[in-house]
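What follows is a single structure, written as C-alpha coordinates, with notes after it.
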Amino acid sequence: MINAYEIRFFQVGSASKGGDAILIRLLDEDQKPTIIVVDGGYKETGEKIIAYLKNLNISVIDLVINTHPDIDHISGLIRLFEEQSLTIKKLIMNRPWRDSNITADYFADSRITDKSVNKRMTEAFKYAYQLEQVAISKIGENNIIHPVVGNNYFGCLTILSPSKDLYRSKLLESDKTPTTLDDSNNTTTFTRTMNKLVHYIKGFMSWRNENTTAINETSIVSLLCMPNKNYLLTADAGKNSIEEALDYKDSQFSLVHKSIDVLQLPHHGSRKNVTPALIQRIMAKEYIISCPPNGLDSHHPSRRLVNMVLEKIPTAKIFKTADCSSFVFYYNFNWQLPYQTPMSAFDEIEDYD
(Lines give C-alpha, C1' and ligand atoms only; values in the text may rest on other atoms or scores of the structure.)
Protein backbone atom coordinates (compact mmCIF):
# COMPACT_ATOMS: atom_id res chain seq x y z
CA MET A 1 0.00 0.00 0.00
CA ILE A 2 1.27 3.48 -0.89
CA ASN A 3 1.73 5.57 2.25
CA ALA A 4 3.54 8.52 0.66
CA TYR A 5 4.77 9.53 -2.78
CA GLU A 6 6.54 12.15 -4.84
CA ILE A 7 6.28 12.71 -8.59
CA ARG A 8 9.20 14.88 -9.63
CA PHE A 9 9.24 16.50 -13.08
CA PHE A 10 12.83 17.54 -13.75
CA GLN A 11 13.53 20.61 -15.81
CA VAL A 12 15.07 19.36 -19.06
CA GLY A 13 17.20 21.60 -21.25
CA SER A 14 18.82 24.92 -20.46
CA ALA A 15 17.56 27.15 -23.26
CA SER A 16 14.68 26.57 -25.68
CA LYS A 17 15.12 22.79 -26.24
CA GLY A 18 13.21 20.78 -23.67
CA GLY A 19 12.37 17.16 -22.94
CA ASP A 20 10.82 14.88 -20.32
CA ALA A 21 12.23 13.27 -17.19
CA ILE A 22 9.96 12.10 -14.37
CA LEU A 23 10.96 10.34 -11.15
CA ILE A 24 8.24 8.63 -9.12
CA ARG A 25 9.06 7.58 -5.55
CA LEU A 26 6.52 5.46 -3.70
CA LEU A 27 6.84 4.65 0.01
CA ASP A 28 4.93 1.90 1.79
CA GLU A 29 4.03 1.80 5.50
CA ASP A 30 7.56 0.63 6.32
CA GLN A 31 9.09 3.51 4.30
CA LYS A 32 10.41 1.04 1.74
CA PRO A 33 10.83 2.88 -1.59
CA THR A 34 9.73 1.86 -5.07
CA ILE A 35 11.35 3.96 -7.78
CA ILE A 36 9.95 4.48 -11.29
CA VAL A 37 11.64 6.67 -13.89
CA VAL A 38 9.60 7.75 -16.92
CA ASP A 39 11.97 9.15 -19.56
CA GLY A 40 15.31 10.69 -18.75
CA GLY A 41 15.74 13.88 -20.76
CA TYR A 42 19.24 14.56 -22.04
CA LYS A 43 22.46 13.07 -20.66
CA GLU A 44 22.84 15.89 -18.16
CA THR A 45 19.30 15.20 -16.93
CA GLY A 46 20.33 11.61 -16.29
CA GLU A 47 23.16 12.99 -14.16
CA LYS A 48 20.61 15.00 -12.14
CA ILE A 49 18.50 11.90 -11.55
CA ILE A 50 21.55 9.92 -10.40
CA ALA A 51 22.58 12.74 -8.03
CA TYR A 52 19.07 12.98 -6.59
CA LEU A 53 18.89 9.23 -5.93
CA LYS A 54 22.34 9.27 -4.33
CA ASN A 55 21.20 12.09 -2.06
CA LEU A 56 18.31 9.85 -0.94
CA ASN A 57 20.73 6.93 -0.49
CA ILE A 58 18.76 4.95 -3.10
CA SER A 59 20.65 2.67 -5.48
CA VAL A 60 17.78 0.63 -6.99
CA ILE A 61 15.38 1.71 -9.75
CA ASP A 62 12.51 -0.75 -9.93
CA LEU A 63 11.17 0.29 -13.34
CA VAL A 64 12.31 2.52 -16.20
CA ILE A 65 9.89 3.53 -18.95
CA ASN A 66 11.01 4.99 -22.26
CA THR A 67 7.85 6.48 -23.76
CA HIS A 68 9.26 6.97 -27.27
CA PRO A 69 12.65 7.22 -28.99
CA ASP A 70 13.27 10.99 -29.17
CA ILE A 71 16.69 12.10 -27.94
CA ASP A 72 15.21 14.53 -25.38
CA HIS A 73 13.51 11.60 -23.62
CA ILE A 74 16.03 8.80 -24.07
CA SER A 75 19.60 10.10 -23.64
CA GLY A 76 19.30 10.43 -19.87
CA LEU A 77 18.03 6.85 -19.65
CA ILE A 78 21.14 5.60 -21.46
CA ARG A 79 23.16 7.42 -18.80
CA LEU A 80 21.18 5.68 -16.00
CA PHE A 81 21.93 2.25 -17.48
CA GLU A 82 25.60 3.15 -17.79
CA GLU A 83 25.82 4.12 -14.10
CA GLN A 84 27.60 1.34 -12.22
CA SER A 85 26.27 2.37 -8.80
CA LEU A 86 22.65 1.84 -9.88
CA THR A 87 20.71 -1.41 -10.02
CA ILE A 88 17.83 -1.33 -12.51
CA LYS A 89 15.28 -4.14 -12.47
CA LYS A 90 13.03 -3.62 -15.51
CA LEU A 91 12.80 -1.50 -18.66
CA ILE A 92 9.64 -0.89 -20.67
CA MET A 93 10.24 0.35 -24.20
CA ASN A 94 9.11 -0.08 -27.77
CA ARG A 95 11.66 -1.63 -30.12
CA PRO A 96 10.33 -1.17 -33.66
CA TRP A 97 13.02 -3.37 -35.19
CA ARG A 98 11.78 -6.25 -32.99
CA ASP A 99 8.16 -5.77 -31.92
CA SER A 100 6.35 -3.82 -34.64
CA ASN A 101 5.89 -6.83 -36.97
CA ILE A 102 6.53 -4.55 -39.93
CA THR A 103 7.89 -6.66 -42.78
CA ALA A 104 8.67 -6.12 -46.45
CA ASP A 105 5.09 -7.14 -47.26
CA TYR A 106 3.92 -3.68 -46.15
CA PHE A 107 5.78 -1.97 -49.01
CA ALA A 108 5.18 -1.96 -52.74
CA ASP A 109 8.86 -1.66 -53.61
CA SER A 110 10.06 -5.23 -54.34
CA ARG A 111 13.64 -4.25 -53.53
CA ILE A 112 12.70 -3.90 -49.86
CA THR A 113 13.39 -7.01 -47.80
CA ASP A 114 12.71 -7.94 -44.18
CA LYS A 115 16.42 -7.50 -43.53
CA SER A 116 16.50 -4.02 -45.06
CA VAL A 117 13.42 -2.98 -43.06
CA ASN A 118 15.11 -4.11 -39.86
CA LYS A 119 18.36 -2.36 -40.78
CA ARG A 120 16.53 0.87 -41.63
CA MET A 121 14.73 0.92 -38.30
CA THR A 122 17.78 0.19 -36.14
CA GLU A 123 19.52 3.08 -37.90
CA ALA A 124 16.51 5.42 -37.73
CA PHE A 125 15.97 4.66 -34.05
CA LYS A 126 19.66 4.70 -33.16
CA TYR A 127 19.18 6.13 -29.65
CA ALA A 128 16.51 3.55 -28.81
CA TYR A 129 18.77 0.83 -30.21
CA GLN A 130 21.63 2.15 -28.07
CA LEU A 131 19.37 2.06 -25.00
CA GLU A 132 18.37 -1.52 -25.80
CA GLN A 133 21.98 -2.63 -26.12
CA VAL A 134 23.18 -1.02 -22.88
CA ALA A 135 20.09 -2.36 -21.09
CA ILE A 136 20.71 -5.90 -22.33
CA SER A 137 24.26 -5.75 -20.99
CA LYS A 138 23.04 -4.49 -17.61
CA ILE A 139 19.76 -6.30 -16.93
CA GLY A 140 19.47 -8.96 -19.62
CA GLU A 141 17.02 -9.41 -22.48
CA ASN A 142 14.30 -10.96 -20.30
CA ASN A 143 13.96 -7.77 -18.24
CA ILE A 144 13.15 -5.57 -21.24
CA ILE A 145 9.37 -5.47 -21.58
CA HIS A 146 7.22 -4.49 -24.54
CA PRO A 147 4.49 -2.03 -23.44
CA VAL A 148 1.06 -3.65 -23.49
CA VAL A 149 -2.18 -1.72 -23.00
CA GLY A 150 -3.76 -2.76 -19.70
CA ASN A 151 -0.55 -3.92 -18.03
CA ASN A 152 -0.37 -2.65 -14.45
CA TYR A 153 2.74 -2.14 -12.35
CA PHE A 154 2.95 -1.87 -8.56
CA GLY A 155 -0.84 -1.67 -8.38
CA CYS A 156 -0.85 1.99 -9.41
CA LEU A 157 0.56 2.53 -12.92
CA THR A 158 -1.40 1.31 -15.94
CA ILE A 159 -0.44 1.61 -19.62
CA LEU A 160 -3.38 3.04 -21.60
CA SER A 161 -2.00 3.48 -25.11
CA PRO A 162 -0.92 3.10 -27.87
CA SER A 163 -2.58 -0.10 -29.00
CA LYS A 164 -0.69 -2.44 -31.34
CA ASP A 165 -2.70 -1.22 -34.32
CA LEU A 166 -2.16 2.47 -33.60
CA TYR A 167 1.52 1.91 -32.88
CA ARG A 168 2.11 0.07 -36.16
CA SER A 169 0.08 2.50 -38.25
CA LYS A 170 1.99 5.49 -36.89
CA LEU A 171 5.32 3.81 -37.49
CA LEU A 172 4.30 3.25 -41.10
CA GLU A 173 3.26 6.91 -41.42
CA SER A 174 6.58 8.10 -40.04
CA ASP A 175 9.79 8.78 -41.92
CA LYS A 176 11.52 5.94 -40.06
CA THR A 177 10.36 3.14 -42.34
CA PRO A 178 11.64 2.55 -45.92
CA THR A 179 8.70 4.36 -47.49
CA THR A 180 6.14 6.61 -45.92
CA LEU A 181 2.62 5.47 -46.70
CA ASP A 182 0.92 8.71 -45.70
CA ASP A 183 2.62 12.02 -45.01
CA SER A 184 -0.61 13.94 -44.50
CA ASN A 185 -0.53 13.66 -40.70
CA ASN A 186 3.20 13.55 -40.26
CA THR A 187 4.28 17.14 -40.74
CA THR A 188 2.70 20.38 -39.74
CA THR A 189 5.20 23.20 -39.87
CA PHE A 190 4.99 26.71 -38.55
CA THR A 191 5.11 29.47 -41.13
CA ARG A 192 7.51 32.32 -40.58
CA THR A 193 4.68 34.47 -39.26
CA MET A 194 4.07 31.98 -36.44
CA ASN A 195 6.51 34.03 -34.35
CA LYS A 196 4.21 37.02 -34.64
CA LEU A 197 2.06 37.65 -31.55
CA VAL A 198 -1.43 39.12 -31.61
CA HIS A 199 -3.61 40.54 -28.87
CA TYR A 200 -5.67 37.93 -27.01
CA ILE A 201 -9.40 38.53 -26.66
CA LYS A 202 -11.08 36.06 -24.30
CA GLY A 203 -13.86 34.09 -25.96
CA PHE A 204 -12.76 34.95 -29.49
CA MET A 205 -9.69 32.74 -29.86
CA SER A 206 -9.72 30.45 -32.90
CA TRP A 207 -8.33 26.92 -32.84
CA ARG A 208 -6.85 25.12 -35.80
CA ASN A 209 -6.79 21.33 -36.18
CA GLU A 210 -3.07 20.59 -36.37
CA ASN A 211 -1.18 17.33 -35.89
CA THR A 212 1.98 16.27 -34.16
CA THR A 213 4.44 13.85 -35.77
CA ALA A 214 3.60 10.21 -36.25
CA ILE A 215 6.43 9.16 -33.93
CA ASN A 216 5.05 11.35 -31.15
CA GLU A 217 1.78 9.43 -31.53
CA THR A 218 3.63 6.25 -30.55
CA SER A 219 4.33 7.69 -27.09
CA ILE A 220 3.26 5.54 -24.14
CA VAL A 221 0.38 7.13 -22.23
CA SER A 222 -0.07 5.88 -18.66
CA LEU A 223 -2.39 6.45 -15.72
CA LEU A 224 -0.87 6.79 -12.27
CA CYS A 225 -3.45 6.27 -9.51
CA MET A 226 -2.23 7.68 -6.21
CA PRO A 227 -4.02 7.83 -2.83
CA ASN A 228 -5.21 11.41 -3.35
CA LYS A 229 -4.94 12.09 -7.10
CA ASN A 230 -4.91 10.42 -10.50
CA TYR A 231 -2.22 11.53 -12.96
CA LEU A 232 -2.29 11.13 -16.75
CA LEU A 233 1.27 11.00 -18.11
CA THR A 234 1.30 11.72 -21.84
CA ALA A 235 4.93 12.29 -22.93
CA ASP A 236 4.70 13.62 -26.53
CA ALA A 237 1.47 11.79 -27.41
CA GLY A 238 -0.90 13.30 -29.92
CA LYS A 239 -4.66 13.41 -30.13
CA ASN A 240 -5.06 9.88 -31.48
CA SER A 241 -3.06 8.24 -28.72
CA ILE A 242 -4.64 10.34 -25.96
CA GLU A 243 -8.16 9.68 -27.20
CA GLU A 244 -7.40 5.97 -27.35
CA ALA A 245 -6.02 6.13 -23.80
CA LEU A 246 -9.16 7.86 -22.52
CA ASP A 247 -11.44 5.36 -24.28
CA TYR A 248 -9.58 2.47 -22.66
CA LYS A 249 -9.60 4.13 -19.24
CA ASP A 250 -13.34 4.84 -19.40
CA SER A 251 -14.13 1.28 -20.44
CA GLN A 252 -11.95 -0.48 -17.88
CA PHE A 253 -11.66 1.61 -14.74
CA SER A 254 -14.03 2.16 -11.84
CA LEU A 255 -15.46 5.61 -11.22
CA VAL A 256 -12.89 6.42 -8.52
CA HIS A 257 -10.08 5.99 -11.06
CA LYS A 258 -11.85 7.47 -14.08
CA SER A 259 -11.31 11.07 -13.09
CA ILE A 260 -7.99 12.73 -13.92
CA ASP A 261 -6.80 15.26 -11.38
CA VAL A 262 -3.44 16.14 -12.96
CA LEU A 263 -2.74 16.16 -16.70
CA GLN A 264 0.72 16.35 -18.17
CA LEU A 265 0.15 18.61 -21.18
CA PRO A 266 1.94 16.67 -23.92
CA HIS A 267 4.97 17.60 -25.96
CA HIS A 268 6.09 20.39 -23.65
CA GLY A 269 2.85 22.29 -24.03
CA SER A 270 2.53 22.12 -27.81
CA ARG A 271 -0.92 23.06 -29.07
CA LYS A 272 -0.68 20.47 -31.88
CA ASN A 273 -1.17 17.55 -29.47
CA VAL A 274 -4.57 18.38 -27.94
CA THR A 275 -7.88 20.00 -28.82
CA PRO A 276 -10.41 22.01 -26.82
CA ALA A 277 -12.68 18.94 -26.88
CA LEU A 278 -9.95 16.78 -25.33
CA ILE A 279 -9.31 19.30 -22.57
CA GLN A 280 -13.02 19.45 -21.79
CA ARG A 281 -13.28 15.67 -21.81
CA ILE A 282 -10.44 15.30 -19.30
CA MET A 283 -11.40 18.28 -17.10
CA ALA A 284 -8.28 18.05 -14.94
CA LYS A 285 -7.86 20.44 -12.05
CA GLU A 286 -4.08 20.76 -12.38
CA TYR A 287 -1.64 20.68 -15.32
CA ILE A 288 2.10 20.28 -15.61
CA ILE A 289 4.18 21.33 -18.61
CA SER A 290 7.73 20.06 -19.01
CA CYS A 291 9.48 22.97 -20.70
CA PRO A 292 12.87 24.73 -20.47
CA PRO A 293 13.51 28.32 -19.31
CA ASN A 294 13.33 29.81 -22.81
CA GLY A 295 10.75 27.41 -24.19
CA LEU A 296 8.33 30.17 -25.16
CA ASP A 297 10.69 31.07 -28.00
CA SER A 298 9.79 27.75 -29.66
CA HIS A 299 6.15 27.72 -28.49
CA HIS A 300 6.83 25.34 -25.58
CA PRO A 301 4.48 26.05 -24.02
CA SER A 302 2.13 27.49 -26.58
CA ARG A 303 0.50 30.69 -25.34
CA ARG A 304 -2.59 29.75 -27.29
CA LEU A 305 -2.79 26.37 -25.50
CA VAL A 306 -2.40 27.88 -22.03
CA ASN A 307 -5.14 30.41 -22.73
CA MET A 308 -7.41 27.75 -24.20
CA VAL A 309 -7.13 25.60 -21.07
CA LEU A 310 -7.88 28.58 -18.84
CA GLU A 311 -10.87 29.51 -21.01
CA LYS A 312 -12.33 26.00 -20.82
CA ILE A 313 -11.49 25.48 -17.13
CA PRO A 314 -11.12 28.89 -15.42
CA THR A 315 -10.11 27.31 -12.08
CA ALA A 316 -7.30 25.26 -13.66
CA LYS A 317 -3.83 25.51 -12.18
CA ILE A 318 -1.10 25.20 -14.80
CA PHE A 319 2.49 24.74 -13.65
CA LYS A 320 5.69 24.51 -15.68
CA THR A 321 9.19 23.21 -15.05
CA ALA A 322 10.66 26.33 -16.68
CA ASP A 323 10.30 28.10 -13.33
CA CYS A 324 12.29 25.60 -11.22
CA SER A 325 14.90 22.85 -11.34
CA SER A 326 12.09 20.36 -10.77
CA PHE A 327 8.38 20.54 -10.03
CA VAL A 328 7.04 18.10 -7.45
CA PHE A 329 3.62 16.68 -6.67
CA TYR A 330 3.72 14.90 -3.33
CA TYR A 331 1.62 13.29 -0.60
CA ASN A 332 2.22 12.59 3.10
CA PHE A 333 5.71 14.10 3.23
CA ASN A 334 6.45 16.71 5.89
CA TRP A 335 7.85 19.12 3.34
CA GLN A 336 7.79 22.89 3.04
CA LEU A 337 8.45 23.35 -0.65
CA PRO A 338 8.53 26.81 -2.23
CA TYR A 339 5.14 27.69 -3.67
CA GLN A 340 5.03 28.03 -7.43
CA THR A 341 2.46 30.46 -8.80
CA PRO A 342 0.24 28.89 -11.49
CA MET A 343 0.39 30.35 -14.98
CA SER A 344 -1.96 33.17 -15.95
CA ALA A 345 -3.47 33.82 -19.37
CA PHE A 346 -1.16 35.55 -21.83
CA ASP A 347 -2.07 39.01 -23.11
CA GLU A 348 -0.71 38.01 -26.52
CA ILE A 349 -0.85 34.68 -28.36
CA GLU A 350 0.76 33.20 -31.46
CA ASP A 351 -0.81 34.33 -34.71
CA TYR A 352 -2.05 31.70 -37.17
CA ASP A 353 -1.88 33.89 -40.24
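One is the number of the first residue; the rest follow in order along the sequence. Bear in mind the structure is a predicted one, so any value in this text is a computation, not a measurement. For the numbers below, each heavy atom of this structure counts, side chains included, while hydrogens, waters and symmetry mates do not.
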Close side-chain approach of Leu23 and Phe9, heavy atoms under 4.5 Å: no
4.5 Å side-chain heavy-atom contact, Lys138 and Leu91: no
Non-hydrogen side-chain atoms of Lys89 and Ile139 separated by less than 4.5 Å: no
Derivation and outcome, ring-ring contact (aromatic ring centres under 6.0 Å, His included), residues Phe319 and Phe327: CA-CA 8 Å; Phe319 302 100; Phe327 186 88; 4.8 Å; yes
Heavy-atom side-chain proximity of Ser100 to Tyr167 below 4.5 angstrom: yes
Interatomic distance, His299 atom NE2 to Ser270 atom OG [nearest 0.5 angstrom]: 9.5 Å
Parallel, tilted or perpendicular, as decided by the 30° and 60° cut-offs, for the rings of Tyr5 and Tyr231: perpendicular
Shortest non-hydrogen contact between Pro69 and Tyr127, atoms and distance: O-CB, 4.4 Å
More than 12 heavy atoms from other groups under 6.0 Å of CZ on Phe204: no
Same apolar cluster (I L V M F W Y, side chains within < 4.5 Å links), Leu305/Ile282: yes
Identified side chain to side chain contact (heavy atoms under 4.5 Å, CB included) counterpart of Ile65 within the set Val37, Leu77, Ile92: Ile92
Exercise: do Glu217 and Asn240 side chains pair donor with acceptor under 3.5 Å: yes
Derivation of the salt bridge (charged side-chain N to carboxylate O under 4.0 Å, His left out) call for Glu123 and Lys176: CA-CA 9 Å; Glu123 293 172 349; Lys176 307 297 185 184; over 6 Å; no
Sub-4.5 Å side-chain heavy-atom contact between Leu223 and Lys249: yes
Residues which pass ring pair (Phe, Tyr, Trp, His ring centres under 6.0 Å) with His73, listed by chain and number, not counting sequence neighbours: His68, His268
Polar side chain donor-acceptor pair, Tyr200 to Arg304, under 3.5 angstrom: no
Side-chain donor-acceptor contact under 3.5 Å, Asn216 with Lys170: no
Arg95/Glu141 ion pair, N-O < 4.0 Å: yes
Tyr42/Val12 under side-chain contact (heavy atoms from CB on, under 4.5 Å): CA gap, chis, key distance, verdict: CA-CA 7 Å; Tyr42 295 106; Val12 178; 3.6 Å; yes
Shortest non-hydrogen separation from Gly40 to Ile49 and the atoms involved: CA-CD1, 4.3 Å
Value rounded to 0.5 Å, distance of CG in Leu27 from CD1 in Ile2: 9.5 Å
pair Ile260-Leu246: side-chain heavy atoms closer than 4.5 Å: yes
Side chains of Ser85 and Ser59 in contact at under 4.5 Å (non-hydrogen atoms): no
Cation-pi geometry met for Arg98 and Tyr129 (6.0 Å, 45°): no
Gap separating the OG1 atom of Thr315 from the NZ atom of Lys285, nearest 0.5 angstrom: 9.0 Å
Lys229 bridged to Glu286 by N-O distance under 4.0 Å: yes
Residues forming a salt bridge (Lys or Arg N to Asp or Glu O under 4.0 Å) with Lys317, sequence neighbours excluded: none
Salt-bridge present (Asp247, Arg281; N to O < 4.0 Å): yes
Between CG on residue Asp70 and CZ on residue Phe125, distance to nearest 0.5 Å: 9.5 Å
Shared hydrophobic cluster for Ile136 and Ile145 (ILVMFWY, side-chain gaps under 4.5 Å): no
Audit row: Phe346, Leu310, side-chain contact (heavy atoms from CB on, under 4.5 Å) steps and yes/no: CA-CA 10 Å; Phe346 289 92; Leu310 292 173; over 6 Å; no
Salt bridge Glu44-Lys48, side-chain N to carboxylate O under 4.0 Å: no
ILVMFWY network linking Ile24 to Ile50, side-chain heavy atoms under 4.5 angstrom: no
Criterion side-chain contact (heavy atoms from CB on, under 4.5 Å) on Lys272 and His267, from CA distance to verdict: CA-CA 9 Å; Lys272 295 192 286 183; His267 201 199; 5.7 Å; no
Rounded distance (nearest 0.5 Å) linking atom CG of Leu26 with atom OH of Tyr331: 13.0 Å
Atom CG of Asp250 with >12 non-hydrogen neighbours under 6.0 angstrom: yes
Shortest non-hydrogen contact between Ile289 and Ile318, atoms and distance: CD1-CG2, 3.8 Å
Any side-chain donor near an acceptor of the partner, Asp39 and Thr67, under 3.5 Å: yes
Residue pair Val149 / Tyr248, side-chain heavy-atom distance below 4.5 Å: yes
Non-neighbouring partners of Arg168 that pass salt bridge (Lys or Arg N to Asp or Glu O under 4.0 Å), sequence neighbours left out: Asp165
Over 12 non-hydrogen atoms of neighbours within 6.0 angstrom of OH in Tyr52: yes
Short side-chain to backbone donor-acceptor contact, Glu311 and Gly203, under 3.5 Å: yes
Minimal non-hydrogen separation, Val306 against Ser344, with atom names: CG1-O, 4.0 Å
Contact summary for Ile58 and Arg25, nearest pair of heavy atoms: CD1-CD, 3.9 Å
Pair Ser290, Gln264: side-chain N/O donor-acceptor within cut-off below 3.5 Å: no
Heavy-atom pair with the smallest gap, counting every atom of Ala322 and Gln11: O-NE2, 3.4 Å
Modelled atom types, side-chain donor and acceptor of Ser219 and Asp236, under 3.5 Å: no
Lys/Arg N to Asp/Glu carboxylate O, Arg79 vs Glu47, below 4.0 Å: yes
Hphob cluster co-occupancy, Leu224 + Ile220, side-chain heavy atoms under 4.5 angstrom: yes
Evaluation steps, side-chain contact (heavy atoms from CB on, under 4.5 Å), between Val274 and Ile242: CA-CA 8 Å; Val274 296; Ile242 294 172; 4.2 Å; yes
Leu278-Met283 co-clustered via ILVMFWY side chain contacts under 4.5 Å: yes
Glu210 versus Asn273, side-chain donor and acceptor atoms under 3.5 Å: no
Spacing of CD belonging to Glu132 relative to CG belonging to Asn66, to within rounding of 0.5 Å: 11.5 Å
